[in-house]
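Nothing here was measured: the structure is a model prediction, and the numbers come from that model.
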Amino acid sequence: MKDFYLEILHVDKNSGARYGYLHTPHGKVEVPMFMPVGTLATVKTLSPEELKEAGAGVILANTYHLSLRPGEDIVKKAGGLHKFMNYDGPILTDSGGFQVFSLAEKRKITEEGVTFKNHLNGEKRFFSPEITIEIEEKLGADIIMSLDECVHYPADYSYMKDSVERTLRWAKRGKDAHKREDQALFGIVQGGEFSDLRKYCAEELVKMDFPGYSIGGTSIGEPKEVMFQMIRDTTPYLPLDKPRYLMGVGSVDAILEGVGDGVDMFDCVLPTRIARHGALMTSKGRVNIRDKQYEEDFTPLDDACDCYCCKNYTKAYLRHLYKCEETFGKRLLSIHNIRFLIHLMEEIRLAIKEDRFLEFKDAFLKKFNSVKGF
RNA sequence: GCGAUUGUGGUGAAGUGGUUAACACAUCUGGCUGUGAACCAGACACGCGUGAGUUCGAUUCUCAUCAAUCGCC
């Protein structure tokens, strides 16, 4: 796995924030970074060119969903995910561990793996750690996740303990099954809100020596403070020279919190989903473009933003497109939210390099929450 | 001018002689965190064309009136 490694160039003097490059077979990307989510091999409404223009590096796709449609064999025949979706940057595939959580009423967990009742036609489909890796190898992403159990919150200690043990066994099985040399397989730390389980899970995974580590089981309905504690309970036990990926986190305050604790990678559907629903992240906080107050507002969504949407369109027009359910509106708003988070990461990286991350964080949050935060 | 039919919120409409007038759309407002999500939730008719009558009680029955639509002169 010589094509994949983290190059740390600077660590903030006053926090755990790190700046550097993540080298992948499809190019190097700067960290800390935000990764847009394209579950079905598309970041909804956006073209790869638009993602590039917004400054995206790594993007996500989903193993479970792509296995159902179109099927990993089709993607393999197409020449792999990069060719299939025409994205030449790094791609990361999530394992389906999140679907263990989100499709909870349609799956059954055993020691062997997870049986999902296909949400499209009811057919049963079995995913073991080995099968998941096999699918991910066919999909061909640069970074792949091992199958884990994303446990609901809150969960009681004994359930979480058993689940962590199983997730660890699954991680080992996945690692043993993984053959492709051009893919980095990450282990996922679970353990819920229990500090000792987080520590234990992290340490056991580190013993297995993965090229990167994820913090999972976050942003599933737990209070922000609990999530922040989960991060603090995990990062101290992860090796400094390996990338850390906080899964499913995309709210501004949580990203800033994670970066301060040494997290390098974030992904989230939040910017794209809420954009399609008319909610935007701006430098002054949340804007719901459907609100009547923007009916005759002929100013840009965020005058501090350099995205295609903000450079060319007004709030009144965006509101109009939203009200008329025009696809172009969803696209413009998605472009903005993606660019907003990526731009935030750019500013974060600059602040880290100049050892002023904490000041930047406070100032940004103060401004962001001045109107209405998330 | 005569006859018939119909008049319920911004719109399309259900409905009943007796607590909060269904539903949908529109409108307004929230929410959305490894996407089962162009989704979910909440608000929105002190009033059922207008006036009178019957009744303990009428949006619901009766009469008048006005309006709309259709038909006939």
- Task: Name the residue closer to the 5' end of RNA chain B, choosing between G248(A) and H119(A) according to the nucleotide with the nearest heavy atom.
- Result: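 Going by which nucleotide is closer to the 5' end, it is G248(A).
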
Is [X] touching bases, backbone alone, or none of the nucleic acid, heavy atoms closer than 4.0 Å?
{"X": "N118(A)", "result": "nothing"}
{"X": "G217(A)", "result": "base"}
{"X": "I188(A)", "result": "base"}
{"X": "L103(A)", "result": "base"}
{"X": "T272(A)", "result": "base"}
{"X": "E295(A)", "result": "nothing"}
{"X": "E222(A)", "result": "nothing"}

- Near-ring test Y313(A)/Y308(A), centroid separation under 6.0 angstrom: yes

- Would you please indicate if the ring centroids of H336(A) and H343(A) are separated by under 6.0 Å?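 H336(A) vs H343(A): aromatic centres not under 6.0 Å.
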
With rounding to the closest Å, how many angstrom separate the [atom1] atoms on [N] and [M]?
{"N": "rC39(B)", "M": "rC25(B)", "atom1": "P", "value": "11 Å"}
{"N": "rA21(B)", "M": "rA43(B)", "atom1": "P", "value": "14 Å"}
{"N": "rG47(B)", "M": "rU8(B)", "atom1": "P", "value": "16 Å"}
{"N": "rU27(B)", "M": "rG10(B)", "atom1": "C1'", "value": "8 Å"}
{"N": "rG51(B)", "M": "rC40(B)", "atom1": "P", "value": "42 Å"}
{"N": "rU62(B)", "M": "rA26(B)", "atom1": "P", "value": "38 Å"}
{"N": "rU29(B)", "M": "rU20(B)", "atom1": "C1'", "value": "22 Å"}
{"N": "rU55(B)", "M": "rA67(B)", "atom1": "C1'", "value": "29 Å"}

- Please work out which residues in residues 306-315 of chain A have a non-hydrogen atom less than 4.0 Å from an atom of RNA chain B and list them by number. none

- If we ignore angles and hydrogens, is there a donor and acceptor under 3.5 Å between the side chains of E354(A) and Y19(A)? no

- How about S195(A) and D233(A): does a side-chain donor come under 3.5 Å of a side-chain acceptor?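 S195(A) vs D233(A): donor-acceptor pair found between side chains.
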
Using OP1 and OP2 only, check whether a side-chain N or O of [X] sits under 4.0 Å from [N].
{"X": "T39(A)", "N": "rU35(B)", "result": "yes"}
{"X": "Q99(A)", "N": "rG34(B)", "result": "no"}
{"X": "N62(A)", "N": "rG34(B)", "result": "no"}
{"X": "N288(A)", "N": "rU29(B)", "result": "no"}

- Item | Residues clustering with F98(A) (ILVMFWY side chains joined when closer than 4.5 Å, directly or via others) |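 Members alongside F98(A): F101(A), Y153(A), I220(A), V226(A), M230(A).
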
Starting from [atom2] on [N], measure out to [atom1] on [X] and report it in whole angstrom.
{"X": "I289(A)", "N": "rG30(B)", "atom1": "CD1", "atom2": "P", "answer": "12 Å"}
{"X": "F34(A)", "N": "rG34(B)", "atom1": "CZ", "atom2": "P", "answer": "9 Å"}
{"X": "M265(A)", "N": "rU33(B)", "atom1": "CE", "atom2": "C1'", "answer": "17 Å"}
{"X": "D264(A)", "N": "rG34(B)", "atom1": "CG", "atom2": "C1'", "answer": "16 Å"}
{"X": "N121(A)", "N": "rG36(B)", "atom1": "CG", "atom2": "P", "answer": "16 Å"}
{"X": "I91(A)", "N": "rG34(B)", "atom1": "CD1", "atom2": "P", "answer": "19 Å"}
{"X": "M281(A)", "N": "rG31(B)", "atom1": "CE", "atom2": "P", "answer": "12 Å"}
{"X": "F98(A)", "N": "rA37(B)", "atom1": "CZ", "atom2": "C1'", "answer": "11 Å"}

- Query: Stems in RNA chain B: runs of 3 or more consecutive Watson-Crick or G-U pairs, distances under 3.5 Å?
  - Reply: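 The stems that RNA chain B takes part in, listed by first number, are B:1-7 with B:66-72, B:10-12 with B:23-25, B:27-31 with B:39-43, B:49-53 with B:61-65.
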
Identify whether the distance between the nearest side-chain nitrogen and carboxylate oxygen of [X] and [Y] falls below 4.0 Å.
{"X": "E111(A)", "Y": "R169(A)", "value": "yes"}
{"X": "K242(A)", "Y": "D209(A)", "value": "yes"}
{"X": "E50(A)", "Y": "R331(A)", "value": "yes"}
{"X": "D176(A)", "Y": "K172(A)", "value": "yes"}

- Task: Compare all side-chain heavy atoms of I352(A) with those of H10(A) and state whether any distance is below 4.5 angstrom.
- Result: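 The answer is yes; the side chains approach within 4.5 Å.
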
- Task: For the residue pair F116(A) and K106(A), establish whether any side-chain heavy-atom pair is separated by less than 4.5 Å.
- Result: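 Side chain of F116(A) against side chain of K106(A), heavy atoms only: no contact under 4.5 Å found.
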
- Can you check whether any acceptor in the base of rU35(B) is under 3.5 Å from a donor in the side chain of S102(A), or vice versa? no

- Proximity to the side chain of R286(A) - top-ranked nucleotide from rG31(B), rU29(B), rG34(B):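 For the R286(A) side chain, the nearest candidate turns out to be rG31(B).
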
- Task: Between rG36(B), rC32(B), rU29(B), spot the one nearest the side chain of K292(A), thanks.
- Result: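 Out of rG36(B), rC32(B), rU29(B), the nucleotide with an atom closest to K292(A)'s side chain is rU29(B).
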
- Task: Kindly indicate whether a cation-pi arrangement holds for K52(A) with Y87(A), taking the cut-offs as under 6.0 Å to the six-membered ring centre and within 45° of the axis.
- Result: yes

- Query: Which pairs with one or both residues in residues 211-222 of chain A pass side chain to side chain donor-acceptor pair (under 3.5 Å), sequence neighbours excluded?
  - Reply: none

- When every nucleotide of nucleotides 38-44 of chain B is labelled 5' to 3' by its protein contacts under 4.0 Å (heavy atoms), B for base, S for sugar-phosphate only, - for none, what sequence of letters results? BB-----

- Message: Listing request: all salt bridge (charged side-chain N to carboxylate O under 4.0 Å, His left out) pairs with a residue in residues 255-276 of chain A, at least two apart in sequence or in separate chains.
- Response: R18(A)-D264(A), R232(A)-E257(A), E257(A)-K361(A)

